[in-house]
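On a predicted model such as this, the values are computed, not experimentally measured, just so you know. Whatever order the structure lists ligands and atoms in, that order sets their numbers, starting from 1.
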Amino acid sequence: MGSRSVEDMIEALSGVHFSGFHMQGFESRNIEKPTTTPGAESVHKQPFVIGVAGGAASGKTTVCDMIIQQLHDQRVVLVNQDSFYHNLTEEELAKVHEYNFDHPDAFDTEKLLVSMENLRHDQAVDIPNYDFKSYKNNFFAARRVNPSDVIILEGILIFHDPRVRELMNMKIFVDSDADVRLARRIRRDTVEKGRDIGAVLDQYSKFVKPAFDDFILPTKKYADIIIPRGGDNHVAIDLIVQHIRTKLGQHELCKIYPNLYVIQSTFQIRGMHTLIRDSQTTKHDFVFYADRLIRLVVEHGLGHLPFTEKQVITPTGSVYTGVDFCKRLCGVSVIRSGESMENALRACCKGIKIGKILIHREGDNGQQLIYEKLPQDISERHVLLLDPILGTGNSAVQAISLLIKKGVPESNIIFLNLISAPQGVHVVCKSFPRVKIVTSEIDIGLNEDFRVVPGMGEFGDRYFGTDDDNDNQQVAAPTQSSDQGS
Ligand SMILES: Nc1ncnc2c1ncn2[C@@H]1O[C@H](COP(=O)(O)OP(=O)(O)O)[C@@H](O)[C@H]1O
Ligand SMILES: Nc1ccn([C@@H]2O[C@H](COP(=O)(O)O)[C@@H](O)[C@H]2O)c(=O)n1
Ligand SMILES: [Mg+2]
């Protein structure tokens with residue numbers, strides 16, 4: 001390590017201020033928002049935001065309560081859109097039966113956005129308590145909501161404003177029949193709110209039903225998940241909770257970039273990484289374990305390709321409904337280390353075409369495209385871009401830009417690598433938000449030579465046996481591969 005600290009170098013590279021950064025354990029909650037570099041985004045830990053919309057009395061609150069209950073080992077907070085109802089003027093209060101509580105203008109969305117922004121930046125907020133009986137939002141009896149791992153935003157029109165939708169990592173629409181909603185509403189408004197049934201029905205036909213048709217139902221299309229039967233649908237709620245748990249267990253960067261996929265770590269995967277990162281590992285073992293890891297990443301990447309349903313007849317004469325692989329695909333390896341991934345791709349995709357790109361590094365940041373040989377019809381194919389290490393992201397940007405220039409849609413590119421540095425992830429994900437990155441581990445950062453740390457050294461040299469120390473390593477190395485029996 002030279003005279004500059006790793007923190008300094010990473011700051012200089014990414015414009016992000018890394019405060020309390022420790023080599024031993026990369027804790028992204030220690031990383032602060034940049035104060036000097038405009039436009040630079042922080043690696044601040046972002047909460048997982050779930051939006052829950054649906055008609056009034058569809059079961060939104062019930063579903064949220066069930067999710068919160070099941071996520072008992074996570075810090076979860078519920079923010080209700082009701083808390084952002086505008087307070088009524090004296091005049092509106094006097095004619096409250098003519099007030100439309102189901103119109104988007106009934107809510108102070110600006111205030112909701114400010115509260116969400118604060119929560120997302122680790123600041124506690126006071127959320128007013130809405131009283132349905134007095135029609136008042138009581139700021140004095142506000143509820144203190146602390147920053148959490150999961151924020152659930154619930155309300156009839158929570159998908160209406162695109163700025164609010166943007167905040168959400170997952171959108172759920174609770175879909176209950178209109179008659180069920182009306183029946184529940186009558187019971188709730190008469191029993192809990194002490195309202196007169198005639199007034200409830202009037203409000204329903206005058207405001208609630210038209211607003212559902214005009215403003216709420218049209219937002220159903222934004223939902224990632226639609227839950228029929230609300231809280232009765234235990235299967236849907238279990239699946240949602242499972243998904244949230246998986247997301248929370250992932251690397252922090254996955255919460256920021258939905259196009260980043262880190263394959264789930266197991267002891268096998270950690271073990272293989274331990275071997276290929278060990279400077280004493282022989283070339284033979286390095287290749288063996290790198291190949292195993294590459295195969296996993298390739299298989300995972302293929303899982304992101306589109307597929308079509310296909311039915312076949314089994315030898316028992318039965319119908320099996322399966323899927324057909326996407327056939328319009330090709331690989332593109334970044335010479336030289338990307339070529340190490342070609343065999344795994346060929347082993348998974350029989351006869352796949354593989355193009356090549358050579359990018360020459362000039363100094364620290366300059367990259368120059370030297371050579372390209374790509375399939376003629378590449379623009380009609382899904383492309384698996386192969387490069388085992390994502391460091392600064394400069395050559396990845398060059399390679400992806402070339403593919404896009406050749407007519408490949410951004411969303412048709414899957415970038416496969418073994419190890420990524422956060423800096424490279426930021427650069428690629430920000431420049432190409434529709435390119436998917438599939439990686440097996442995310443490292444701490446880059447050193448003064450812009451090499452990934454802890455990393456594994458020059459991948460190409462170690463894989464192809466062109467590193468200087470190779471002969472010595474052959475002698476000194478342990479023999480883990482035979483211990484594994486594989
Ligand atoms: N699956 C269900 N079965 C019976 N009653 C339900 C069910 N889900 C919700 N309710 C009741 O219906 C009313 C509305 O449910 P709630 O979850 O508050 O809906 P929302 O938040 O969408 O208005 C509540 O009184 C609740 O107790
Ligand atoms: N003072 C108020 C405010 C709102 N409403 C109704 O509440 C419904 C939204 O709440 P949910 O829990 O059902 O999502 C909405 O339909 C409003 O009409 C009200 O009756 N009185
Ligand atoms: Mg509710």
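Electrostatic pairing of Asp443 and Arg277 counts as a salt bridge here, judged by a charged N lying under 4.0 Å from a carboxylate O.
In Arg184, neither the side chain nor the backbone holds a heavy atom less than 4.0 Å from any atom of ligand 2. Counting heavy atoms under 4.0 Å from ligand 1, residue Lys60 touches it through both backbone and side chain. At a heavy-atom distance under 4.0 Å, only side-chain atoms of Tyr85, from C-beta outward, approach ligand 2.
Surrounding CZ of Arg163 are more than 12 heavy atoms belonging to other residues, nucleotides or ligands, all under 6.0 Å away.
Each of the following atoms of ligand 1 lies closer than 4.0 Å to a heavy atom of Glu154: 21 (O). Atom numbering of ligand 2 starts at 1 in the shown order; those under 4.0 Å from a heavy atom of Ala57 are 13 (O). Every atom of ligand 2 with a heavy atom of Gln203 under 4.0 Å away is listed here by number and element: 18 (O), 19 (C), 20 (O). The Lys60 neighbourhood of ligand 2 comprises atoms 11 (P), 14 (O), with distances under 4.0 Å to a heavy atom of that residue. For ligand 2, the atoms sitting less than 4.0 Å from at least one non-hydrogen atom of Arg195 are 1 (N), 2 (C), 19 (C), 20 (O), 21 (N), numbered in the order shown with element in parentheses. Under a 4.0 Å criterion applied to the non-hydrogen atoms of Ile156, ligand 2 contributes the atoms 14 (O), 15 (C).
If you look at Phe207 and His103, their ring centroids are not closer than 6.0 Å. Close placement of the Phe101 and Tyr85 rings is indicated, their centers lying within 6.0 Å of each other. If you look at Tyr261 and His300, their ring centroids are not closer than 6.0 Å.
Figure legend: Lys193 and Phe132 shown as a cation-pi pair, the cationic atom lying under 6.0 angstrom from the six-membered ring centre and within 45 degrees of its axis.
Using modelled atom types, one finds a donor on one side chain and an acceptor on the other under 3.5 Å when comparing Glu154 with Thr61.
Not a single heavy atom of Gly230 sits closer than 4.0 Å to an atom of ligand 1. The shell of residues lying under 4.0 angstrom from ligand 1, judged by heavy atoms, includes Ala57. No heavy atom of Cys64 sits closer than 4.0 Å to any atom of ligand 1. Within the 4.0 Å heavy-atom cutoff, Asp102 counts among the residues contacting ligand 2. Ligand 2 lies within reach of Arg185, whose nearest heavy atom is under 4.0 Å from it.
Annotation: atom 21 (O) of ligand 1 to nearest protein heavy atom, Thr61 OG1, 2.7 Å. Looking only at protein heavy atoms, the nearest one to atom 25 (O) of ligand 1 is Glu192 OE2, 3.8 Å. In this structure, atom 16 (P) of ligand 1 lies nearest to the protein heavy atom Thr62 OG1, 3.7 Å.
One distance of note links OG of Ser176 with CG of Asn233; it measures 9.5 Å at 0.5 Å rounding.
For Gly59, a nitrogen or oxygen atom sits less than 3.5 Å from a nitrogen or oxygen atom of ligand 1, counting backbone and side chain alike.
Residue Thr61: an N/O/S atom is found under 2.8 Å from the Mg ion (ligand 3).
For atom 19 (O) of ligand 1, a protein heavy-atom neighbour is present inside the 4.0 Å cut-off.
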